[in-house]
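First the structure, in the form of C-alpha cells, and then the observations on it.
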Protein chains: 2
Amino acid sequence: MLLVARVPPGTAYHAGVDSSLKGTLHQRGLRMTPQRQLVLDAVRDLGHATPEQVCSQVQAIAPAVNITTVYRTLDLLEQLGVVRHAHLGHGAPTYSEHQHRHVHLVCHRCGRVDEAPVDMMSAIAERASDEHGFRLDATHVALSGTCADCQRTEDAESETDTAEEVRG
Amino acid sequence: MLLVARVPPGTAYHAGVDSSLKGTLHQRGLRMTPQRQLVLDAVRDLGHATPEQVCSQVQAIAPAVNITTVYRTLDLLEQLGVVRHAHLGHGAPTYSEHQHRHVHLVCHRCGRVDEAPVDMMSAIAERASDEHGFRLDATHVALSGTCADCQRTEDAESETDTAEEVRG
DNA sequence: GTCGATGCAAATTGTTTGCATCCTA
DNA sequence: TAGGATGCAAACAATTTGCATCGAC
C-alpha cells in the first residue's frame, strides 16, 4: 500500500519526534507504523481534535487510512500516555498531547473554547478532596458557560425579545 | 390509545403537579398531553436521568410511549425552563428538574456521581468572569476525577502492578 | 374541525467489532 | 514467518427526521 505521497529526502514529518513513539511501542512489544505516526502528528498539529478531525487531517496525507484505525490508534496512544482526551461539551471527545493541560472554558452558545491555567482550579480541587475525598482532574472536562461575545448577543436579544422562542 | 393502566380514583400520579405544566404550555399555545406529564414525572422521580432511563420509567406506566416522544418532550421541557440537562461524563446527557442545581463530581473510574453545593465554584466563576469575560454555568458539566474508593483501589493495584497493561 | 403531538420507520452520526489480508520486527 | 496492525463491512448505540395518524382544545 502506498501510504503517503513521496516527499523530498530529509523532510520527514516532524523529524525526530517518532523516535520516542517507536521506543515506547517497542518497549511493550508493539509495532511502529506510519499510521500511528500520522495520527500522533495530527493530534499535535490540531491542538484539540475529535477522532473525525484527526482522521481528516491524516487522510489529507494518506487517504487510505481508515477511521477505524484512527479510533484504535487514539485509544492506544492514550493508554501509552502519549495523548489524552477531554470532553469539551456535547458529545465528541477531543484528543490532545498529554502535556496539554489546561482548564477549558467552552461557550455552550457558540462553541468557542478558551483555555485557562490549571491552577485556576486548585482551590476547588482542595475543597473536593477535603470534603468529598475526590481527586479532581481539572483538565478532563471543560467548564461550560457563556463567552463574553455571546453575553453581549444575549443582552441585545433580550431587549427586542418578547418571550416567543418556543413555538415552531 | 389506552395510555395508562387504570388507577383508583384520587390517586393521580403526583396529584396537582400538572397544573403548572398545563398552564405553561397553554401560555404558549402548546397542548397538555399525558405523555408530557409522564416525562416530567419521570424526571422528577429519577433525579438525574438519561433520555433512555426516562423512557423506561415512562414505559413502566405507559408502554406505548415512544422514545422519540421522550426526546422531543425533554427538549420542549428544557426550552420551557422546567427541566435542564447536564453532562455527567462520557456522552449521555442527564435531565433533572430545573431547580436541581449542584456541582457534580463524577468518578471516571466507577461512574459514581457525588453532588456538591454550587457555591463551591464561586471563586472559579469569579476568576473566569474577571480574566476571560466568561459567565460560568457551574452545574451544566460535571467535574471529573477519582472518588475516594477508587483511589484506594488504584493504590492497592499499583503495589502489585508491574506496568503491563497495554498488551492485548 | 384544526393543527399540534405522537408513533413508527428510516436516516444520521459516532463508535465498535469480526475477519481476512498486510507488513513490521 | 509469526503475530500484531490495518482496511473493510457490518453491527451498534444514541439521536433525529419525515410522514401519516391521532387527539387536545
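None of the values given here were measured: they were computed from a predicted structure. The analysis underlying the following values was restricted to heavy atoms, covering all of them including side chains, and did not include hydrogens, waters or symmetry mates. Proteins come first, then strands; the chains are lettered A, B, ... in the order of their sequence lines, and each starts at number 1.
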Does Gln59(A) use its side chain to pair, donor to acceptor, with the backbone of Val65(A) at less than 3.5 Å?
yes

Using modelled atom types only, decide if a donor and an acceptor are shared between the side chain of Arg84(B) and the backbone of Arg101(B) within a distance under 3.5 Å.
no

CA sep, side-chain torsions, deciding dist, call: Leu76(A), Arg72(A), side chain to side chain contact (heavy atoms under 4.5 Å, CB included)
CA-CA 6 Å; Leu76(A) 175 67; Arg72(A) 284 191 284 229; over 6 Å; no

[X] side chain: which of [options] is closest?
{"X": "Val65(B)", "options": "dG4(D), dC25(D), dG7(C)", "value": "dG7(C)"}
{"X": "Pro34(B)", "options": "dA24(D), dG14(C), dG7(C)", "value": "dA24(D)"}
{"X": "Arg31(B)", "options": "dG23(D), dT15(C), dC8(C)", "value": "dG23(D)"}
{"X": "Thr68(B)", "options": "dT6(C), dA9(D), dT17(D)", "value": "dT17(D)"}

Heavy-atom nearest nucleotide on DNA chain C for Thr50(A) versus Arg72(A): which residue maps closer to 5'?
Thr50(A)

Spacing of [X] atom [atom1] relative to [N] atom [atom2], expressed in whole Å:
{"X": "Met32(A)", "N": "dG3(D)", "atom1": "CE", "atom2": "C1'", "result": "19 Å"}
{"X": "Gln53(B)", "N": "dA13(D)", "atom1": "CD", "atom2": "P", "result": "16 Å"}
{"X": "Leu77(A)", "N": "dT6(D)", "atom1": "CG", "atom2": "P", "result": "10 Å"}
{"X": "Lys22(B)", "N": "dC25(D)", "atom1": "NZ", "atom2": "C1'", "result": "9 Å"}
{"X": "Gln59(B)", "N": "dT6(C)", "atom1": "CD", "atom2": "P", "result": "14 Å"}
{"X": "Leu80(A)", "N": "dA5(D)", "atom1": "CG", "atom2": "P", "result": "10 Å"}
{"X": "Gln37(A)", "N": "dT6(D)", "atom1": "CD", "atom2": "P", "result": "12 Å"}
{"X": "Leu74(A)", "N": "dG14(C)", "atom1": "CG", "atom2": "P", "result": "15 Å"}

Give the minimum heavy-atom separation between Lys22(A) and Met32(A), together with the two atoms involved.
CG-CB, 4.0 Å

Leu25(A) or Asp75(B), whichever maps to the more 5' nucleotide of DNA chain D
Leu25(A)

So which one's nearest nucleotide on DNA chain D is more toward 5', Glu52(B) or His26(B)?
Glu52(B)

Just to confirm, is there a sub-4.0 Å distance from OP1 or OP2 of [N] to any side-chain nitrogen or oxygen of [X]?
{"X": "Arg36(A)", "N": "dA5(D)", "result": "yes"}
{"X": "Gln35(A)", "N": "dC23(C)", "result": "no"}
{"X": "Tyr71(A)", "N": "dT15(C)", "result": "yes"}
{"X": "Thr33(B)", "N": "dT6(C)", "result": "yes"}
{"X": "Asn66(A)", "N": "dC8(D)", "result": "yes"}

Under the ring pair (Phe, Tyr, Trp, His ring centres under 6.0 Å) rule, collect the residues that match up with His108(B), sequence neighbours excluded.
none

